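Heads up, the thing below is written out as structure tokens.
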Number of protein chains: 2
Amino acid sequence: MSAIAVSTEETILEAARKVFMQKGFAAARMCEIAKIAGINQALLHYYFRSKDRLFEVIFAQQSQNFYANIISILHSDVPFFEKLRLMIAKEIEKISSAPYLPMFILNEMHSNPERMQCNGSVDRNTHFFKTFSDLVEKEYEAGRIRKVCPQQLFLSIMGITMFPFLAQPMIKMALEIDGKSFEQLMQERAEHASELIIRSLQV
Amino acid sequence: MSAIAVSTEETILEAARKVFMQKGFAAARMCEIAKIAGINQALLHYYFRSKDRLFEVIFAQQSQNFYANIISILHSDVPFFEKLRLMIAKEIEKISSAPYLPMFILNEMHSNPERMQCNGSVDRNTHFFKTFSDLVEKEYEAGRIRKVCPQQLFLSIMGITMFPFLAQPMIKMALEIDGKSFEQLMQERAEHASELIIRSLQV
DNA sequence: GCCGGTCTTAATTAAATAGTTAAACCAGGT
DNA sequence: ACCTGGTTTAACTATTTAATTAAGACCGGC
């Protein structure tokens, strides 16, 4: 009963996650989700009343997933440079196992900003910047890094780690590489990215 | 006659550009394009047979627009560091005037890779990497920069310049700034980004 | 004046897709 | 044995939207 019910609910969520993340809300099809979950559309609506509701659940989950790493590392108790290295490495590691995640989140926020405003799951997760900013400030005052705008630095770190995945199809064409080589490149990426950021901060 | 015809054709393209770039192919509506162009749907199909055809035209145009800057600067005759500065500055300048451009291109390539393969307009524009790679190689051999993987460097430069626009809605929430402040931040961005990249390359 | 292409209006078709319903099936638990 | 709830099937409705069509209005050049 309950055990079985949870199982199919999760089967559905898993299928929905795949489809929504790959195609986005507008191009996603309920019948495809049902098909992948190995069930019928009737049961889909039996569990989640509508496409919108199902999407809300998926988006909230993934949104959580998207920010969790950064937040926990920012609050961890390691030296600043180590934090940067960890943020970059862990983020690349996670995205490697879910390459569509950044595009999904950013594209849905972009193409439907209204949905986000009334959505608490977004708000709860986006208040970590002050922590980062304070860390940078302190590090500068201790003379361990050069003077730098925390906002700009933050954008750079995020861009350097997430962009390759956002632009994956373009990158593959531009660099003329296949999926295998791309994965390889991403495995080496954390090292290059950390090196680049940390060198740029040297006094 | 001809003058008028061209004018409405351009009116339609302008409207289509707005709608497709803001909503993406799947969520874009022909009737909205018609409405914005100030015409009716019948005329829309009179000029462009179908939604797909209209989209092809827009995508090809924007794709061109997307790569043009980088390509022309790569082939220009200025020192390497100056090229980097120019690439970053010009790219930010362009995107600032069309903030949806990167998300549009990357998201459509992501959510519909098939469309791209048969589309020459993409292929023609993505073969500029070797030029960049050679430049980096030469610069290293001349001892003016440290040893660095050209592919990784390329990803970093692109990421640093384009990410803020791709993530605009998220950024605004995370940094708790409004549209005005975001524009301000982007105006200062080229300077920070160049500084960061060039410092990281110092031997 | 009329001719051709541009454009409008409005009605209509066709297709895709979200969502509903009712009846039946089946397995586990009582 | 039977009740319950998850599940299936299949037919159905409603809605949205792309695409078409036909009849005619407007308008500039011939």
Side-chain angles (χ1 to χ4, degrees), chain A residues 1-61 104 107-108 111-112 114-115 118-119, chain B residues 1-61 104 107-108 111-112 114-115 118-119:
Chain A
M1 40 182 345
S2 170
I4 295 166
V6 169
S7 164
T8 52
E9 183 164 328
E10 275 171 8
T11 309
I12 293 174
L13 285 173
E14 172 67 11
R17 194 184 52 74
K18 278 186 196 157
V19 176
F20 279 135
M21 285 183 67
Q22 195 174 113
K23 313 217 169 172
F25 178 80
R29 296 287 161 246
M30 290 298 268
C31 55
E32 194 186 351
I33 294 174
K35 200 175 160 194
I36 290 180
I39 58 162
N40 46 34
Q41 245 172 301
L43 196 61
L44 203 53
H45 285 87
Y46 176 82
Y47 275 93
F48 303 89
R49 289 190 71 76
S50 68
K51 188 183 180 183
D52 288 81
R53 288 236 205 158
L54 182 52
F55 182 82
E56 294 295 347
V57 177
I58 300 295
F59 189 86
Q61 282 181 1
F104 173 68
N107 185 47
E108 292 302 332
S111 67
N112 207 334
E114 314 86 60
R115 213 202 309 273
C118 55
N119 187 336
Chain B
M1 36 168 12
S2 170
I4 296 169
V6 170
S7 164
T8 52
E9 182 164 329
E10 274 171 8
T11 308
I12 293 175
L13 286 174
E14 172 68 11
R17 193 184 54 73
K18 278 186 197 158
V19 176
F20 279 134
M21 285 184 65
Q22 195 174 113
K23 312 218 169 171
F25 177 80
R29 297 288 162 244
M30 291 296 270
C31 56
E32 193 185 351
I33 294 174
K35 200 174 157 193
I36 290 180
I39 59 164
N40 47 35
Q41 246 173 299
L43 196 62
L44 204 52
H45 286 86
Y46 176 82
Y47 275 92
F48 304 88
R49 288 189 71 76
S50 69
K51 188 184 180 183
D52 289 81
R53 290 238 204 156
L54 181 54
F55 182 82
E56 294 296 347
V57 177
I58 299 295
F59 188 85
Q61 282 181 2
F104 173 69
N107 184 47
E108 292 301 332
S111 68
N112 207 335
E114 315 87 61
R115 214 202 310 270
C118 57
N119 186 337

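All chains are named by letter (A, B, ...) in the order of the sequence lines, taking the proteins before the strands, and each is independently numbered beginning at 1. Because the structure is a prediction, the values reported are computed rather than measured.
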If I compare all heavy atoms of Val19(A) with all of Arg29(A), which pair ends up nearest, and what's the gap? CG1-N, 4.2 Å
Rounding to an integer number of Å, can you tell me how far Lys35(A) NZ sits from dT8(D) C1'? 18 Å
So, Phe104(A) versus Phe20(A), ring centres under 6.0 angstrom or not? no
Expressed as a whole number of angstroms, how long is the span from Asn40(B):CG to dT17(D):P? 18 Å
Spell out, as yes or no, whether a donor-acceptor pair under 3.5 Å connects the side chain of Glu108(A) to the backbone of Phe25(A). yes
From the set dT7(D), dT21(C), dC7(C), return the single nucleotide nearest to any side-chain atom of Leu43(A). dT7(D)
Round to the nearest Å and state the distance from Leu54(A) atom CG to dG19(C) atom C1'. 14 Å
Rounded to whole angstrom units, what separation is found between the CG atom of Leu44(B) and the P atom of dT20(D)? 12 Å
Any side-chain N or O of Tyr47(A) under 4.0 Å from OP1/OP2 of dT7(D)? yes
Please find the pair of heavy atoms, one from Lys51(A) and one from Ala26(A), that lie closest to each other, and give the distance. NZ-O, 3.8 Å
From CZ of Phe48(A) across to P of dT7(D) the rounded distance in Å is 12 Å
If you restrict it to nitrogen or oxygen atoms, what contacts under 3.5 Å exist between nucleotides 15-18 of chain C and the protein, and what is each distance?
| from | atom 1 | to | atom 2 | distance (Å) |
| --- | --- | --- | --- | --- |
| dT17(C) | OP1 | Arg29(A) | NE | 2.6 |
| dT17(C) | O5' | Arg29(A) | NE | 3.4 |
| dA18(C) | OP1 | Arg29(A) | NH1 | 3.4 |
| dA18(C) | OP2 | Met30(A) | N | 3.2 |

Do side-chain atoms of Thr8(B) reach the backbone of Thr11(B) as a donor and acceptor pair under 3.5 angstrom? no
Cationic N near anionic O, under 4.0 Å, Glu14(B) to Arg17(B): yes
Less than 4.0 angstrom between a side-chain N/O of Thr8(B) and OP1 or OP2 of dC7(C), yes or no? yes
Testing dG6(D), dT8(D), dG5(C) for proximity to the side chain of Tyr46(A), the answer is dG6(D)
